[in-house]
Enquirer: 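Structure in C-alpha coordinates, see below.
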Amino acid sequence: MNEQQTMKPYVIGLDLGGTNSVFGIVDARGEIKATTAIKTGGFKTAEEYVDAAVDALNVIIEQVGGLSTIKAMGIGAPNANYYNGTIEFAPNLPWAHNGIVPLGKMFSERLGNIPVALTNDANAAALGEMVYGVARGMKNFIVITLGTGVGSGIVVNGQLLYGSDGFAGELGHVTMVRGAEGRSCGCGRTGCLEAYCSATGVARTAREMLANSTRPSLLREMNPEDITSLDVSIAAGKGDELANEIYQFTGKMLGEACADFTAFSSPEAFIFFGGMVKAGELIMKPIREAYDAHVMPIFRGKAQFLVSGLDGASAAVLGASAVGWEIQQ
(Lines give C-alpha, C1' and ligand atoms only; values in the text may rest on other atoms or scores of the structure.)
Protein backbone atom coordinates (compact mmCIF):
# COMPACT_ATOMS: atom_id res chain seq x y z
CA MET A 1 0.00 0.00 0.00
CA ASN A 2 1.49 3.33 -1.01
CA GLU A 3 1.61 6.45 1.15
CA GLN A 4 -1.45 8.05 -0.45
CA GLN A 5 -3.53 4.94 0.16
CA THR A 6 -2.33 4.84 3.78
CA MET A 7 -3.35 8.45 4.29
CA LYS A 8 -6.73 8.09 2.62
CA PRO A 9 -8.12 4.66 3.52
CA TYR A 10 -11.83 5.46 3.29
CA VAL A 11 -14.58 6.40 0.85
CA ILE A 12 -18.01 7.80 1.58
CA GLY A 13 -21.01 5.85 0.30
CA LEU A 14 -24.40 7.53 0.03
CA ASP A 15 -27.56 5.51 -0.57
CA LEU A 16 -29.89 8.29 -1.67
CA GLY A 17 -33.43 6.97 -1.52
CA GLY A 18 -36.77 8.65 -1.92
CA THR A 19 -37.38 8.60 1.84
CA ASN A 20 -33.98 8.39 3.53
CA SER A 21 -30.37 9.22 2.67
CA VAL A 22 -27.96 6.85 4.41
CA PHE A 23 -24.24 7.68 4.58
CA GLY A 24 -21.42 5.32 5.44
CA ILE A 25 -17.65 5.66 5.65
CA VAL A 26 -16.22 2.45 4.27
CA ASP A 27 -12.74 0.93 4.11
CA ALA A 28 -11.32 -1.16 1.27
CA ARG A 29 -12.44 -4.42 2.90
CA GLY A 30 -16.05 -3.30 2.91
CA GLU A 31 -16.27 -2.53 6.62
CA ILE A 32 -18.52 0.40 7.44
CA LYS A 33 -16.65 2.45 10.03
CA ALA A 34 -19.30 5.08 10.69
CA THR A 35 -22.79 5.82 9.50
CA THR A 36 -25.47 8.48 9.67
CA ALA A 37 -28.70 9.37 7.90
CA ILE A 38 -31.05 12.23 7.07
CA LYS A 39 -34.51 12.42 5.54
CA THR A 40 -34.29 12.96 1.78
CA GLY A 41 -37.48 14.96 1.44
CA GLY A 42 -38.45 18.10 3.26
CA PHE A 43 -36.02 20.32 1.38
CA LYS A 44 -37.16 22.88 -1.16
CA THR A 45 -33.83 23.06 -2.98
CA ALA A 46 -30.85 20.83 -3.67
CA GLU A 47 -28.68 23.38 -1.85
CA GLU A 48 -30.69 22.88 1.33
CA TYR A 49 -30.39 19.12 0.96
CA VAL A 50 -26.62 19.23 0.48
CA ASP A 51 -26.24 21.62 3.44
CA ALA A 52 -28.06 19.18 5.73
CA ALA A 53 -26.17 16.19 4.29
CA VAL A 54 -22.75 17.79 4.77
CA ASP A 55 -23.63 18.82 8.34
CA ALA A 56 -24.45 15.19 9.13
CA LEU A 57 -21.43 13.88 7.23
CA ASN A 58 -18.94 16.14 9.00
CA VAL A 59 -19.75 14.46 12.30
CA ILE A 60 -18.83 10.96 11.09
CA ILE A 61 -15.90 12.21 9.01
CA GLU A 62 -14.35 13.53 12.21
CA GLN A 63 -14.89 10.13 13.82
CA VAL A 64 -12.51 8.51 11.31
CA GLY A 65 -9.82 11.18 11.45
CA GLY A 66 -11.11 14.03 9.31
CA LEU A 67 -11.42 14.81 5.63
CA SER A 68 -7.76 13.95 4.97
CA THR A 69 -8.70 10.25 5.33
CA ILE A 70 -11.36 10.35 2.61
CA LYS A 71 -10.36 9.35 -0.93
CA ALA A 72 -13.68 9.85 -2.69
CA MET A 73 -17.46 9.68 -2.46
CA GLY A 74 -19.85 7.41 -4.32
CA ILE A 75 -23.58 8.01 -4.58
CA GLY A 76 -26.31 5.58 -5.58
CA ALA A 77 -29.42 7.54 -6.49
CA PRO A 78 -32.49 7.48 -8.72
CA ASN A 79 -32.13 9.06 -12.15
CA ALA A 80 -28.39 9.49 -11.63
CA ASN A 81 -26.19 10.16 -14.66
CA TYR A 82 -22.70 8.74 -14.16
CA TYR A 83 -21.22 10.70 -17.05
CA ASN A 84 -22.37 14.10 -15.81
CA GLY A 85 -22.50 13.61 -12.04
CA THR A 86 -26.10 14.76 -12.08
CA ILE A 87 -29.55 13.70 -10.96
CA GLU A 88 -32.00 14.36 -13.75
CA PHE A 89 -35.77 14.81 -13.42
CA ALA A 90 -36.15 12.39 -10.50
CA PRO A 91 -39.91 12.13 -9.80
CA ASN A 92 -39.53 11.05 -6.16
CA LEU A 93 -37.05 13.77 -5.13
CA PRO A 94 -38.88 17.06 -4.50
CA TRP A 95 -35.71 19.10 -5.02
CA ALA A 96 -34.78 17.32 -8.25
CA HIS A 97 -37.98 16.36 -10.06
CA ASN A 98 -38.16 19.41 -12.29
CA GLY A 99 -34.64 19.66 -13.62
CA ILE A 100 -31.00 18.64 -13.57
CA VAL A 101 -29.07 18.84 -10.29
CA PRO A 102 -25.22 18.75 -10.40
CA LEU A 103 -25.10 16.81 -7.15
CA GLY A 104 -21.59 15.42 -7.61
CA LYS A 105 -20.10 18.88 -8.06
CA MET A 106 -22.08 20.25 -5.13
CA PHE A 107 -20.81 17.58 -2.73
CA SER A 108 -17.26 17.81 -4.05
CA GLU A 109 -17.11 21.55 -3.49
CA ARG A 110 -18.37 21.18 0.08
CA LEU A 111 -16.00 18.30 0.89
CA GLY A 112 -12.59 19.68 -0.04
CA ASN A 113 -12.90 18.87 -3.77
CA ILE A 114 -12.73 15.11 -3.27
CA PRO A 115 -13.81 13.12 -6.37
CA VAL A 116 -17.54 12.33 -6.35
CA ALA A 117 -19.33 9.93 -8.71
CA LEU A 118 -23.02 9.09 -9.06
CA THR A 119 -24.81 6.14 -10.54
CA ASN A 120 -28.26 4.62 -10.16
CA ASP A 121 -28.97 2.26 -7.30
CA ALA A 122 -28.93 -0.91 -9.43
CA ASN A 123 -25.55 -0.01 -10.94
CA ALA A 124 -24.29 0.68 -7.43
CA ALA A 125 -25.50 -2.77 -6.40
CA ALA A 126 -23.59 -4.33 -9.32
CA LEU A 127 -20.39 -2.54 -8.34
CA GLY A 128 -20.93 -3.56 -4.73
CA GLU A 129 -21.17 -7.21 -5.77
CA MET A 130 -18.02 -6.89 -7.89
CA VAL A 131 -15.97 -5.24 -5.14
CA TYR A 132 -17.35 -6.89 -2.00
CA GLY A 133 -19.81 -9.63 -2.93
CA VAL A 134 -20.45 -12.81 -4.90
CA ALA A 135 -19.26 -11.28 -8.20
CA ARG A 136 -15.66 -10.82 -7.06
CA GLY A 137 -13.46 -12.05 -9.90
CA MET A 138 -16.28 -11.93 -12.46
CA LYS A 139 -16.15 -9.71 -15.54
CA ASN A 140 -19.54 -10.44 -17.11
CA PHE A 141 -22.66 -10.54 -14.97
CA ILE A 142 -26.06 -8.94 -14.45
CA VAL A 143 -27.44 -7.82 -11.11
CA ILE A 144 -31.23 -7.67 -10.96
CA THR A 145 -32.73 -5.76 -8.06
CA LEU A 146 -36.19 -6.87 -7.00
CA GLY A 147 -37.78 -4.20 -4.84
CA THR A 148 -40.48 -1.62 -5.36
CA GLY A 149 -39.31 -1.72 -8.98
CA VAL A 150 -37.04 -3.96 -11.03
CA GLY A 151 -33.60 -2.52 -11.64
CA SER A 152 -30.48 -3.89 -13.28
CA GLY A 153 -26.77 -3.34 -13.34
CA ILE A 154 -24.98 -4.89 -16.33
CA VAL A 155 -21.24 -5.56 -16.23
CA VAL A 156 -19.53 -6.45 -19.52
CA ASN A 157 -15.79 -7.15 -19.75
CA GLY A 158 -15.35 -5.82 -16.21
CA GLN A 159 -17.08 -2.50 -16.84
CA LEU A 160 -20.55 -1.24 -16.07
CA LEU A 161 -22.70 -0.65 -19.12
CA TYR A 162 -23.80 3.00 -19.19
CA GLY A 163 -24.59 3.54 -22.87
CA SER A 164 -24.31 6.80 -24.77
CA ASP A 165 -26.19 8.92 -22.24
CA GLY A 166 -25.50 7.25 -18.89
CA PHE A 167 -28.92 5.63 -18.57
CA ALA A 168 -28.41 2.20 -20.19
CA GLY A 169 -29.42 -0.97 -18.41
CA GLU A 170 -33.13 -0.52 -17.73
CA LEU A 171 -34.01 -4.20 -18.00
CA GLY A 172 -37.00 -3.69 -15.73
CA HIS A 173 -38.60 -1.83 -18.60
CA VAL A 174 -38.33 -4.41 -21.34
CA THR A 175 -41.82 -5.29 -22.59
CA MET A 176 -43.00 -8.72 -21.49
CA VAL A 177 -46.70 -8.44 -22.36
CA ARG A 178 -47.49 -6.49 -25.51
CA GLY A 179 -50.77 -4.90 -26.43
CA ALA A 180 -53.73 -3.65 -24.46
CA GLU A 181 -53.59 -6.52 -21.96
CA GLY A 182 -50.21 -5.38 -20.62
CA ARG A 183 -50.20 -3.84 -17.18
CA SER A 184 -49.54 -0.13 -16.85
CA CYS A 185 -46.06 0.73 -15.55
CA GLY A 186 -44.80 3.74 -13.64
CA CYS A 187 -42.57 4.61 -16.59
CA GLY A 188 -45.66 5.45 -18.66
CA ARG A 189 -45.55 2.35 -20.85
CA THR A 190 -47.40 -0.96 -20.56
CA GLY A 191 -46.36 -4.57 -20.12
CA CYS A 192 -42.95 -3.89 -18.52
CA LEU A 193 -41.15 -6.59 -16.54
CA GLU A 194 -41.31 -4.25 -13.52
CA ALA A 195 -45.10 -4.21 -13.63
CA TYR A 196 -45.13 -7.97 -12.98
CA CYS A 197 -41.94 -8.96 -11.16
CA SER A 198 -41.33 -6.18 -8.67
CA ALA A 199 -42.65 -6.43 -5.11
CA THR A 200 -45.56 -4.24 -6.15
CA GLY A 201 -46.06 -6.42 -9.23
CA VAL A 202 -46.29 -9.56 -7.09
CA ALA A 203 -48.97 -7.86 -4.98
CA ARG A 204 -50.87 -6.95 -8.17
CA THR A 205 -50.67 -10.57 -9.34
CA ALA A 206 -52.03 -11.70 -5.98
CA ARG A 207 -55.02 -9.36 -6.24
CA GLU A 208 -55.73 -10.46 -9.81
CA MET A 209 -55.57 -14.18 -8.98
CA LEU A 210 -57.79 -13.72 -5.93
CA ALA A 211 -60.33 -11.75 -7.96
CA ASN A 212 -60.38 -14.31 -10.78
CA SER A 213 -60.74 -17.38 -8.60
CA THR A 214 -62.77 -18.69 -5.67
CA ARG A 215 -60.03 -21.05 -4.52
CA PRO A 216 -59.18 -21.00 -0.82
CA SER A 217 -56.09 -19.07 0.21
CA LEU A 218 -54.63 -17.56 3.37
CA LEU A 219 -54.44 -14.31 1.41
CA ARG A 220 -58.26 -14.09 1.44
CA GLU A 221 -58.04 -13.27 5.14
CA MET A 222 -56.54 -9.90 4.18
CA ASN A 223 -57.87 -6.75 2.56
CA PRO A 224 -56.67 -7.22 -1.05
CA GLU A 225 -55.30 -3.67 -1.19
CA ASP A 226 -53.12 -4.37 1.86
CA ILE A 227 -51.41 -7.47 0.43
CA THR A 228 -47.63 -7.18 -0.02
CA SER A 229 -45.05 -9.49 -1.57
CA LEU A 230 -44.00 -10.42 1.97
CA ASP A 231 -47.53 -11.61 2.72
CA VAL A 232 -47.43 -13.75 -0.42
CA SER A 233 -44.07 -15.20 0.65
CA ILE A 234 -45.33 -16.03 4.14
CA ALA A 235 -48.44 -17.71 2.74
CA ALA A 236 -46.40 -19.68 0.22
CA GLY A 237 -44.06 -20.80 2.98
CA LYS A 238 -47.08 -22.21 4.80
CA GLY A 239 -48.01 -24.28 1.76
CA ASP A 240 -50.68 -22.00 0.32
CA GLU A 241 -51.20 -23.23 -3.27
CA LEU A 242 -52.38 -19.91 -4.68
CA ALA A 243 -49.42 -18.05 -3.17
CA ASN A 244 -47.08 -20.66 -4.65
CA GLU A 245 -48.68 -20.12 -8.07
CA ILE A 246 -48.04 -16.38 -7.75
CA TYR A 247 -44.34 -17.09 -7.31
CA GLN A 248 -44.39 -19.61 -10.14
CA PHE A 249 -45.89 -16.95 -12.43
CA THR A 250 -43.37 -14.32 -11.29
CA GLY A 251 -40.34 -16.60 -11.49
CA LYS A 252 -41.34 -17.90 -14.91
CA MET A 253 -41.49 -14.38 -16.32
CA LEU A 254 -38.14 -13.46 -14.74
CA GLY A 255 -36.54 -16.61 -16.13
CA GLU A 256 -37.86 -15.91 -19.62
CA ALA A 257 -36.55 -12.35 -19.40
CA CYS A 258 -33.11 -13.55 -18.29
CA ALA A 259 -33.03 -15.94 -21.25
CA ASP A 260 -33.48 -12.93 -23.53
CA PHE A 261 -30.88 -10.86 -21.64
CA THR A 262 -28.31 -13.63 -22.13
CA ALA A 263 -28.56 -13.20 -25.90
CA PHE A 264 -26.91 -9.80 -25.79
CA SER A 265 -24.26 -10.08 -23.05
CA SER A 266 -23.75 -13.80 -22.29
CA PRO A 267 -23.25 -13.26 -18.54
CA GLU A 268 -21.50 -15.79 -16.36
CA ALA A 269 -24.01 -15.07 -13.61
CA PHE A 270 -27.32 -13.44 -12.77
CA ILE A 271 -27.25 -12.07 -9.24
CA PHE A 272 -30.55 -11.26 -7.55
CA PHE A 273 -30.71 -8.56 -4.92
CA GLY A 274 -33.53 -7.14 -2.79
CA GLY A 275 -36.21 -8.09 -0.33
CA MET A 276 -38.03 -10.44 -2.68
CA VAL A 277 -35.11 -12.87 -2.88
CA LYS A 278 -35.72 -13.71 0.79
CA ALA A 279 -38.41 -16.01 -0.62
CA GLY A 280 -35.49 -18.28 -1.61
CA GLU A 281 -36.34 -21.27 -3.78
CA LEU A 282 -39.96 -20.14 -4.07
CA ILE A 283 -38.72 -17.56 -6.58
CA MET A 284 -35.32 -18.91 -7.64
CA LYS A 285 -36.46 -22.39 -8.73
CA PRO A 286 -39.03 -21.17 -11.30
CA ILE A 287 -36.50 -18.59 -12.55
CA ARG A 288 -33.94 -21.31 -13.29
CA GLU A 289 -36.50 -23.66 -14.83
CA ALA A 290 -37.94 -21.01 -17.16
CA TYR A 291 -34.45 -19.85 -18.13
CA ASP A 292 -33.37 -23.37 -19.08
CA ALA A 293 -36.56 -23.84 -21.10
CA HIS A 294 -36.19 -20.62 -23.11
CA VAL A 295 -32.49 -19.78 -23.44
CA MET A 296 -30.73 -20.43 -26.75
CA PRO A 297 -29.03 -23.85 -26.69
CA ILE A 298 -25.55 -22.36 -27.15
CA PHE A 299 -25.93 -20.56 -23.78
CA ARG A 300 -27.65 -23.32 -21.82
CA GLY A 301 -25.93 -24.44 -18.62
CA LYS A 302 -23.38 -21.60 -18.59
CA ALA A 303 -24.87 -18.93 -16.34
CA GLN A 304 -25.03 -19.20 -12.56
CA PHE A 305 -28.09 -17.95 -10.68
CA LEU A 306 -26.97 -16.41 -7.42
CA VAL A 307 -28.43 -14.44 -4.54
CA SER A 308 -26.55 -11.43 -3.25
CA GLY A 309 -24.36 -12.21 -0.28
CA LEU A 310 -24.24 -8.62 0.95
CA ASP A 311 -26.00 -7.78 4.19
CA GLY A 312 -29.32 -6.19 3.32
CA ALA A 313 -29.05 -3.39 5.87
CA SER A 314 -25.72 -2.16 4.53
CA ALA A 315 -25.66 -3.41 0.93
CA ALA A 316 -26.86 -0.15 -0.63
CA VAL A 317 -24.23 1.89 1.21
CA LEU A 318 -21.53 -0.61 0.25
CA GLY A 319 -22.65 -0.46 -3.37
CA ALA A 320 -22.46 3.33 -3.33
CA SER A 321 -19.01 3.22 -1.74
CA ALA A 322 -17.84 0.89 -4.52
CA VAL A 323 -18.65 3.69 -6.97
CA GLY A 324 -16.18 5.81 -5.02
CA TRP A 325 -13.42 3.21 -5.14
CA GLU A 326 -14.05 2.78 -8.87
CA ILE A 327 -13.12 6.38 -9.70
CA GLN A 328 -9.72 6.14 -8.00
CA GLN A 329 -6.68 5.92 -10.26
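Excluded from the calculations below are hydrogen atoms, water molecules and symmetry mates; all remaining heavy atoms, backbone and side chain alike, are included. Remember, predicted model here, so these are calculated numbers, not experimental data.
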Enquirer: Do the side-chain N and O atoms of Asn81 and Glu88 include a donor-acceptor pair separated by under 3.5 angstrom?
Expert: yes

Enquirer: Assigning hydrophobic clusters by single linkage (Ile, Leu, Val, Met, Phe, Trp, Tyr; side-chain heavy-atom cutoff under 4.5 Å), is Leu210 placed with Met222?
Expert: yes

Enquirer: Is the backbone of Asn157 close enough, under 3.5 Å, to the side chain of Asn140 for a donor and an acceptor to pair up by distance?
Expert: yes

Enquirer: Any side-chain donor paired with an acceptor under 3.5 Å for Ser217 and Asp240?
Expert: yes

Enquirer: When rounded to the nearest 0.5 angstrom, what distance separates CG in Leu242 from CD in Gln248?
Expert: 12.0 Å

Enquirer: In the single-linkage hydrophobic clustering (I, L, V, M, F, W, Y; side-chain heavy atoms under 4.5 Å), do Ile38 and Met73 co-cluster?
Expert: yes

Enquirer: For Ala37, does its backbone N or O pair with a side-chain atom of Ser21 as donor and acceptor, under 3.5 Å?
Expert: no

Enquirer: Can you tell me if Arg136 uses its side chain to pair, donor with acceptor, with the backbone of Met130 under 3.5 Å?
Expert: no

Enquirer: With a sphere of 6.0 Å drawn around NZ of Lys285, does it hold more than 12 non-hydrogen atoms of other residues, nucleotides or ligands?
Expert: no

Enquirer: Can you classify the ring geometry of Tyr82 versus Tyr162 as parallel (below 30°), tilted (30 to 60°) or perpendicular (above 60°)?
Expert: parallel

Enquirer: For the CD atom on Gln159, are there more than 12 heavy atoms of other groups (residues, nucleotides or ligands in this structure) within a distance under 6.0 Å?
Expert: no

Enquirer: Are more than 12 heavy atoms, taken from residues, nucleotides or ligands other than Glu241, located less than 6.0 Å from that residue's CD atom?
Expert: no

Enquirer: How many angstroms lie between atom CG of Asn84 and atom CD1 of Ile100, to the nearest 0.5 angstrom?
Expert: 7.5 Å

Enquirer: Using a 4.5 Å cut-off on heavy atoms from C-beta on, say whether the side chain of Thr35 contacts that of Ile60.
Expert: no

Enquirer: Can a donor-acceptor pair be found, under 3.5 Å and without considering hydrogens, that links the side chain of His173 to the backbone of Glu170?
Expert: no

Enquirer: Centroid-to-centroid, Phe43 to Trp95, below 6.0 Å?
Expert: no

Enquirer: With side chain to side chain contact (heavy atoms under 4.5 Å, CB included) as the test, would you mind laying out the steps for Gln304 and Met138 before giving the verdict?
Expert: CA-CA 11 Å; Gln304 301 178 69; Met138 293 185 188; 3.8 Å; yes

Enquirer: In the structure I gave you, are the side-chain heavy atoms of Ile144 and Phe273 within less than 4.5 Å of one another anywhere?
Expert: no

Enquirer: For Tyr83 and Gly163, indicate whether the former's side chain and the latter's backbone hold a donor-acceptor pair under 3.5 Å.
Expert: yes

Enquirer: Under the side chain to side chain contact (heavy atoms under 4.5 Å, CB included) rule, what do Ser152 and Phe261 come out as? Steps first, then yes or no, please.
Expert: CA-CA 11 Å; Ser152 59; Phe261 302 158; over 6 Å; no

Enquirer: How many angstroms lie between atom CD1 of Ile61 and atom OG of Ser68, to the nearest 0.5 angstrom?
Expert: 10.5 Å

Enquirer: Quick one: pull up CG in Leu318 and CG in Leu127 and give me the separation to the nearest 0.5 Å.
Expert: 12.0 Å

Enquirer: Please check if the distance between the ring centroids of Phe305 and Tyr291 is under 6.0 Å.
Expert: yes

Enquirer: Leu146 and Val174: same hydrophobic cluster, using ILVMFWY side-chain contacts below 4.5 Å?
Expert: yes

Enquirer: Side chains of Tyr196 and Arg204, heavy atoms from C-beta outward: is any pair under 4.5 Å?
Expert: no

Enquirer: Shortest non-hydrogen contact from Pro267 to Ala303?
Expert: O-CB, 3.7 Å

Enquirer: Between Arg300 and Asp292, is the salt bridge (Lys or Arg N to Asp or Glu O under 4.0 Å) condition met? List the steps.
Expert: CA-CA 6 Å; Arg300 190 169 294 136; Asp292 288 341; 5.6 Å; no

Enquirer: Taking all non-hydrogen atoms of both residues, which atom of Val155 and which atom of Ala126 are closest, and how far apart?
Expert: CG2-CB, 4.3 Å

Enquirer: Would you say that Asn79 contacts Pro91 through its side chain, given a criterion of any heavy-atom pair below 4.5 Å between the two side chains?
Expert: yes

Enquirer: Hey, is NZ on Lys105 packed in by over 12 heavy atoms from elsewhere, all under 6.0 Å?
Expert: no

Enquirer: Going from CG on Asp121 to CG on Leu16, what distance comes out if it is rounded to the nearest 0.5 angstrom?
Expert: 10.0 Å

Enquirer: Tell me, do Ile142 and Leu171 make a side-chain contact under 4.5 Å, heavy atoms counted?
Expert: yes

Enquirer: Where do Val101 and Met106 come nearest, in terms of heavy atoms and distance?
Expert: CG1-SD, 3.9 Å

Enquirer: Begin from the C-alpha positions of Val116 and Ile75 and carry the test side chain to side chain contact (heavy atoms under 4.5 Å, CB included) through to its verdict.
Expert: CA-CA 8 Å; Val116 179; Ile75 302 173; 3.9 Å; yes

Enquirer: Are the side chain of Lys278 and the backbone N or O of Gly274 linked by a donor-acceptor pair below 3.5 Å?
Expert: no

Enquirer: Counting only N and O atoms by type, is there a donor-acceptor contact under 3.5 Å from the side chain of Ser108 to the main-chain atoms of Gly104?
Expert: no

Enquirer: Give the minimum heavy-atom separation between Pro115 and Ile327, together with the two atoms involved.
Expert: CB-CD1, 3.5 Å

Enquirer: Is it possible for you to say whether Met209 and Val202 belong to one hydrophobic cluster, with membership spreading through side-chain heavy-atom contacts below 4.5 Å?
Expert: yes

Enquirer: Go through the steps for Ile70 and Lys8 under the test side chain to side chain contact (heavy atoms under 4.5 Å, CB included), then give the verdict.
Expert: CA-CA 5 Å; Ile70 306 297; Lys8 296 188 175 183; over 6 Å; no

Enquirer: Does a side-chain heavy-atom distance below 4.5 Å link Ile12 with Leu57?
Expert: yes

Enquirer: Mind checking whether Glu129 and Leu310 have side chains closer than 4.5 Å, heavy atoms only?
Expert: yes

Enquirer: If every non-hydrogen atom of Leu282 is compared with every non-hydrogen atom of Gly237, which pair is closest and at what distance?
Expert: CD1-N, 4.2 Å

Enquirer: If hydrophobic clusters are built by linking Ile, Leu, Val, Met, Phe, Trp and Tyr wherever their side-chain heavy atoms come under 4.5 Å apart, do Val64 and Ile114 end up in the same one?
Expert: yes

Enquirer: Are the side chains of Leu193 and Met253 in touch, meaning some heavy atoms are under 4.5 Å apart?
Expert: yes

Enquirer: Is there a donor-acceptor pair under 3.5 Å between the side chain of Thr175 and the backbone N or O of Arg178?
Expert: no

Enquirer: Any donor-acceptor pair under 3.5 Å linking the side-chain atoms of Arg183 with those of Thr190?
Expert: no

Enquirer: Between Arg110 and Glu47, does the salt bridge (Lys or Arg N to Asp or Glu O under 4.0 Å) criterion hold? Intermediate values first, please.
Expert: CA-CA 11 Å; Arg110 293 292 303 278; Glu47 287 77 12; over 6 Å; no

Enquirer: Scan side-chain atoms only and decide if Thr148 and Thr200 contain a donor-acceptor pair under the 3.5 Å cut-off.
Expert: no

Enquirer: Report yes or no: does Asn120 contribute a side-chain atom to a donor-acceptor pair with the main-chain N or O of Ala122 at less than 3.5 Å?
Expert: yes

Enquirer: Measure from the side-chain N and O atoms of Arg189 to the backbone N and O of Ser184, and report whether any donor-acceptor pair falls under 3.5 Å.
Expert: no

Enquirer: Measuring from atom CD of Glu62 to atom OG1 of Thr69, what distance do you get when rounded to the nearest 0.5 angstrom?
Expert: 9.0 Å

Enquirer: Checking side chain to side chain contact (heavy atoms under 4.5 Å, CB included) between Phe270 and each of Leu306, Leu254, Ile287, Thr262, which is the one that passes?
Expert: Thr262

Enquirer: Does the salt bridge (Lys or Arg N to Asp or Glu O under 4.0 Å) test come out yes or no for Lys252 and Glu245, once each step is laid out?
Expert: CA-CA 10 Å; Lys252 180 176 183 291; Glu245 284 187 22; over 6 Å; no

Enquirer: Checking side-chain polar atoms at under 3.5 Å, does Ser321 have a donor or acceptor matched by the opposite partner on Tyr10?
Expert: no

Enquirer: So which heavy atom on Phe272 is nearest to which on Cys258, and how close?
Expert: CZ-SG, 4.0 Å

